[in-house]
Number of protein chains: 2
Amino acid sequence: MTASLHDFCARRGDLTAPCRLCGAREFNICQALDPAQQDKLFALATRLQLGKRDRLFAAGEPASHVYNLTEGTVALSRSLADGRRQILGFLLPGDFLGLEVGEAHRCDAETLTEAKVCRFERAAFDGFLKDNPEVALRLLKIASSDLAQAARHEVLLGRKTATERIASFLLDLRDRSGARHLRTQPLALPMTRSEIADYTGLTIETVSRVLGRLKSGKVIELIGASAVRVLDDARLERMSGSS
Amino acid sequence: MTASLHDFCARRGDLTAPCRLCGAREFNICQALDPAQQDKLFALATRLQLGKRDRLFAAGEPASHVYNLTEGTVALSRSLADGRRQILGFLLPGDFLGLEVGEAHRCDAETLTEAKVCRFERAAFDGFLKDNPEVALRLLKIASSDLAQAARHEVLLGRKTATERIASFLLDLRDRSGARHLRTQPLALPMTRSEIADYTGLTIETVSRVLGRLKSGKVIELIGASAVRVLDDARLERMSGSS
DNA sequence: CTGGACGTTTGATCCTGCTCAAGGCACCGC
DNA sequence: GCGGTGCCTTGAGCAGGATCAAACGTCCAG
């Protein structure tokens with residue numbers, strides 16, 4: 001599962017600039033760093049190859065590592081004692097996860113697809129942070145934009161109708177995928193209906209019905225169950241009730 | 001409205017340590033600073049006295065300042081075009097607000113009570129941040145715990161019943177008030193039913209009915225409309241369905 | 001190619017919380 | 001003290017989405 005630094009570099013055939021060929025380099029935490037710092041940071045990293053439905057960490061576990069997702073999709077979620085689950089967000093390549101203020105992780109992190117991450121020992125990462133204040137500022141920006149995303153999600157969950165939630169979800173996923181240069185037409189839905197339901201605060205049946213209605217209204221086209229093509233952008237936007 | 005540095009110090013009769021008597025000193029952003037740094041930071045601050053229902057900033061406005069609440073209660077909210085509103089949280093003394101990654105504020109901030117804040121020019125604050133990396137780390141912790149709070153709120157909005165939402169809201173407000181040494185028994189509710197509704201994703205009628213039920217079930221006692229006494233802690237906890 | 005398992009769709013019915021409506025209460029200015 | 005204006009409570013009826021149930025695909029192992 002764990003690829004050694006040497007393995008990683010060998011696989012890429014570029015020992016001197018190991019991050020240079022990383023697919024998520026443009027978006028992730030390394031972005032702000034000059035090559036020397038990148039090398040230092042990379043020396044702290046373990047690259048992991050993860051399978052489908054692998055758990056990176058669970059709520060309550062000691063937060064011993066932080067992660068930078070470089071390939072694949074990850075879902076963050078929290079569950080109630082009786083099993084009700086709320087998915088907090090779907091992470092895409094470049095996204096950073098696992099940074100906690102306290103000792104323990106506050107949510108579960110699970111891959112939806114095969115995925116690759118850079119994993120950092122938390123203690124080592126904290127040390128790097130102290131020596132590289134500009135990385136702390138970058139993390140602050142990341143946290144702040146995560147907070148903005150959470151706020152939009154709270155509006156979705158607290159005040160939007162089922163149709164608005166699904167429309168918002170589709171547009172948000174499309175925009176974020178687009179920003180990462182992932183294919184958006186058709187747009188892959190690596191999550192199941194159950195996961196869409198747990199993200200939107202609905203049930204699978206309602207998710208399925210709303211998607212069906214959007215389809216028969218020619219707003220979207222469903223390609224199998226795990227891809228969509230947006231046919232009427234403007235209408236979907238209007239249906240999302242955003243802002 | 002704006003008190004000068006001199007006014008502020010004079011009022012307290014302590015020119016040499018202006019932050020030392022601040023009611024929120026124990027909790028707010030100044031916490032981690034040594035006296036010399038505190039003085040520098042304080043030189044950047046404008047102290048503001050705000051009235052009830054004053055707006056600190058609105059979504060979309062240029063984020064020209066950041067704020068540290070030192071007295072009173074503030075609500076952060078976002079609204080949809082048709083007026084539906086979602087309150088993201090209620091801020092208490094010591095809470096920090098207004099830090100945005102981009103140019104504009106992403107939510108509205110309004111006082112619920114008379115309040116006092118320390119306001120910082122954003123540019124000056126950013127400069128201070130660059131010179132004091134440990135403040136950036138502290139802000140990172142604040143952002144991270146805001147994110148944890150947002151996650152709990154997402155669970156509340158997406159997966160909890162009306163009763164669970166109200167119970168969770170009361171317990172959360174009580175715990176956060178207690179942590180700031182505010183009175184918790186009875187616990188003041190500086191927000192209206194409408195604001196509780198917009199925080200919990202319910203309607204005023206449902207909020208009122210659930211509070212009525214908790215009251216007739218002897219779980220809480222209502223003291224007027226804007227204070228509660230928790231009579232049965234354990235039961236309220238169980239009703240909140242947390243974690 | 002076939003059987004089974006799992007995820008998805010679709011249908012019928014139910015229920016929680018919303019909407020609409022009216023009445024009560026408390027606070028404030030006059 | 002008195003009227004008025006918000007805010008809060010309570011009631012009746014409704015509806016959006018949940019629940020329960022069943023059929024349908026699709027993908028994979030054998």
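Throughout, a chain's letter reflects where its sequence line sits, starting with A, and its residues are numbered from 1.
Atom P of nucleotide dT16(C) and atom CD of Glu164(B) are separated by 13 Å, given to the nearest angstrom. Lys160(B) places its NZ atom 19 Å from the P atom of dT16(C), with the value rounded to the nearest Å. dG16(D) atom C1' lies 10 Å from atom CZ of Arg213(A), rounded to whole Å. The separation between Asp198(B) atom CG and dC7(D) atom P is 13 Å, rounded to whole Å. One interatomic measurement links the two molecules: CE of Met191(A) to C1' of dG7(C), which rounds to 15 Å at whole-angstrom precision. The CG atom of Leu222(B) sits 15 Å away from the P atom of dC25(C) (whole-angstrom rounding). Distance CD (Glu195(A)) to P (dC6(C)): 15 Å, rounded to an integer number of Å. Atom NZ in Lys215(A) sits roughly 13 Å away from atom C1' in dT10(C) (whole-Å rounding).
Nearest nucleotide to the Arg193(A) side chain, out of dT9(C), dG17(D), dG17(C): dT9(C). Considering only side-chain atoms of Leu202(B), the nucleotide from dT9(C), dT9(D), dG17(C) that sits closest is dG17(C). Among the nucleotides dA18(D), dT9(C), dC8(D), the one closest to the side chain of Ala225(B) is dC8(D).
At a cut-off of 3.5 angstrom, the base of dC20(D) holds at least one donor-acceptor pair with the side chain of Glu205(A). The base of dG11(C) sits within donor-acceptor range of the side chain of Arg209(A), with an N or O pair under 3.5 Å.
Partner Thr113(B) forms a side-chain contact (heavy atoms from CB on, under 4.5 Å) with one of Thr73(B), Val74(B), Asp54(B) and no other, that one being Thr73(B).
Below 30°, between 30° and 60°, or above 60°: for His153(B) and Tyr199(B) the angle between ring planes is below 30°, a parallel geometry.
Nearest-nucleotide assignment on DNA chain C puts the 5′-proximal partner with Ile204(A), out of Ile204(A) and Arg159(A). Each of Gly224(A) and Arg165(A) has a nearest nucleotide on DNA chain D; the 5'-most of these lies closest to Arg165(A).
Close to dT8(C), at under 4.0 Å from its OP1 or OP2, lies no side-chain N or O of Ser208(A). Contact check, Thr206(A) against dG17(D): no side-chain N or O comes under 4.0 Å of OP1 or OP2.
Classification of Glu110(B) and Arg78(B) as a salt-bridged pair fails, no side-chain N sitting under 4.0 Å from a carboxylate O.
If you take CG on Leu156(A) and CG on Asp172(A), they are separated by 9.0 Å, rounding to the nearest 0.5 Å.
Residue contacts shown for Thr192(B) are limited to sugar-phosphate atoms, with no base heavy atom under 4.0 Å away.
The two residues Leu202(A) and Arg159(B) come nearest to each other via the heavy atoms O-NH2, 2.8 Å.
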